[in-house]
Amino acid sequence: MMDRTCPGTVEPILEILDGKWTLLLLFELFNGTRRFGELRRRLQPISPKTLTDRLRLLEEKGIITRTLYPGIPLHVEYELTESGLGLQPIFAAMWTWTQEHGAYLRKKTDEMGQDSNKVM
């Protein structure tokens, strides 16, 4: 049985993960340190502004670190903090759940899409 305080307790992480592109961005960072341009290419068609906003939020919340390397050309690398790495079990649980229930959901989504394409 779930603790009744659960929704309020997990609200801060839900606010972080709720942003568009955030889950995909974190997934990329689970696979290692990334530069801005690399993240932008991997997350096409994300806009530079949206990527910057998401990275700043994650940095403010202590989920990622931003390391600036001076020189020509200047470059910045992003990586998960220990706190950010602690999110991996959540992603693993979502993957497991999707493997068990995803086919049913995909079927329902496909059926809904077919229904909306019918001509009346």
Side-chain angles (χ1 to χ4, degrees):
M1 193 166 195
M2 293 284 289
D3 182 341
R4 290 199 180 275
T5 62
C6 184
T9 304
V10 299
E11 189 173 310
I13 191 61
L14 293 177
E15 288 175 3
I16 293 169
L17 297 178
D18 186 43
K20 186 174 180 182
W21 297 104
T22 304
L23 292 173
L24 294 173
L25 175 56
L26 288 170
F27 182 76
E28 282 300 323
L29 292 171
F30 286 138
N31 292 307
T33 302
R34 301 281 190 251
R35 292 171 69 164
F36 185 88
E38 186 177 9
L39 287 168
R40 188 161 175 232
R41 281 188 301 278
R42 291 176 180 267
L43 297 174
Q44 283 289 343
I46 192 169
S47 73
K49 181 190 181 319
T50 299
L51 179 55
T52 298
D53 291 347
R54 296 302 174 268
L55 289 167
R56 284 185 182 154
L57 173 67
L58 293 171
E59 184 180 13
E60 287 172 14
K61 299 297 183 180
I63 305 297
I64 65 170
T65 59
R66 176 182 184 268
T67 305
L68 177 66
Y69 292 95
I72 301 174
L74 178 84
H75 78 271
V76 178
E77 291 183 346
Y78 298 91
E79 65 184 321
L80 292 167
T81 62
E82 187 175 328
S83 177
L85 289 169
L87 294 170
Q88 281 184 315
I90 295 170
F91 279 71
M94 288 191 297
W95 184 87
T96 299
W97 187 90
T98 303
Q99 297 305 305
E100 294 173 7
H101 305 283
Y104 170 77
L105 293 175
R106 280 189 293 278
K107 181 179 177 192
K108 286 291 184 190
T109 302
D110 291 345
E111 288 172 0
M112 288 181 359
Q114 290 173 0
D115 288 345
S116 66
N117 290 332
K118 290 181 181 176
V119 178
M120 294 188 176

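All residue numbers refer to positions in the sequence shown, counting from 1. Keep in mind that the numbers below use all heavy atoms, side chains included, and drop hydrogens, waters and symmetry copies.
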Which pairs, with at least one residue in residues 35-68 and sequence neighbours excluded, count as a ring pair (Phe, Tyr, Trp, His ring centres under 6.0 Å)? none

Taken in chain and number order and not counting sequence neighbours, the residues that satisfy ring-ring contact (aromatic ring centres under 6.0 Å, His included) with Phe27 are none

Working to the nearest 0.5 angstrom, can you tell me the gap between Leu39 CG and Leu29 CG? 5.5 Å

Rounded to the nearest 0.5 Å, what separation is found between the CD atom of Glu15 and the CG atom of Leu17? 10.5 Å

Side chains of residues 48-58: which donor-acceptor partners sit under 3.5 Å, not counting sequence neighbours?
{"from": "Lys49", "atom 1": "NZ", "to": "Asp53", "atom 2": "OD2", "distance (Å)": "2.8"}
{"from": "Thr50", "atom 1": "OG1", "to": "Ser47", "atom 2": "OG", "distance (Å)": "2.9"}
{"from": "Thr52", "atom 1": "OG1", "to": "Pro48", "atom 2": "O", "distance (Å)": "2.9"}
{"from": "Arg54", "atom 1": "NE", "to": "Lys20", "atom 2": "O", "distance (Å)": "2.8"}

Just to verify, what does Arg42 make a side chain to side chain contact (heavy atoms under 4.5 Å, CB included) with, not counting sequence neighbours? Glu28, Arg34, Glu38

Which atom pairs, one a donor and one an acceptor, fall under 3.5 Å between side chains of residues 81-99 and the rest of the protein, sequence neighbours left out?
{"from": "Thr81", "atom 1": "OG1", "to": "Gly62", "atom 2": "O", "distance (Å)": "2.6"}
{"from": "Thr81", "atom 1": "OG1", "to": "Ile63", "atom 2": "O", "distance (Å)": "3.1"}
{"from": "Thr81", "atom 1": "OG1", "to": "Ser83", "atom 2": "N", "distance (Å)": "3.3"}
{"from": "Thr81", "atom 1": "OG1", "to": "Gly84", "atom 2": "N", "distance (Å)": "3.1"}
{"from": "Thr96", "atom 1": "OG1", "to": "Ala92", "atom 2": "O", "distance (Å)": "3.0"}
{"from": "Thr98", "atom 1": "OG1", "to": "Met94", "atom 2": "O", "distance (Å)": "2.8"}

Glu59 CD to Thr65 OG1 distance, which is reported to the nearest 0.5 Å: 7.5 Å

Name the atoms and distances for all side-chain donor-acceptor pairs under 3.5 Å in residues 66-80, with sequence neighbours left out.
{"from": "Tyr69", "atom 1": "OH", "to": "Glu77", "atom 2": "OE1", "distance (Å)": "3.4"}
{"from": "Glu79", "atom 1": "OE1", "to": "Thr33", "atom 2": "OG1", "distance (Å)": "3.4"}

Would you give the length of the straight line joining atom CZ of Arg35 to atom CZ of Arg40, rounded to the nearest 0.5 angstrom? 14.5 Å

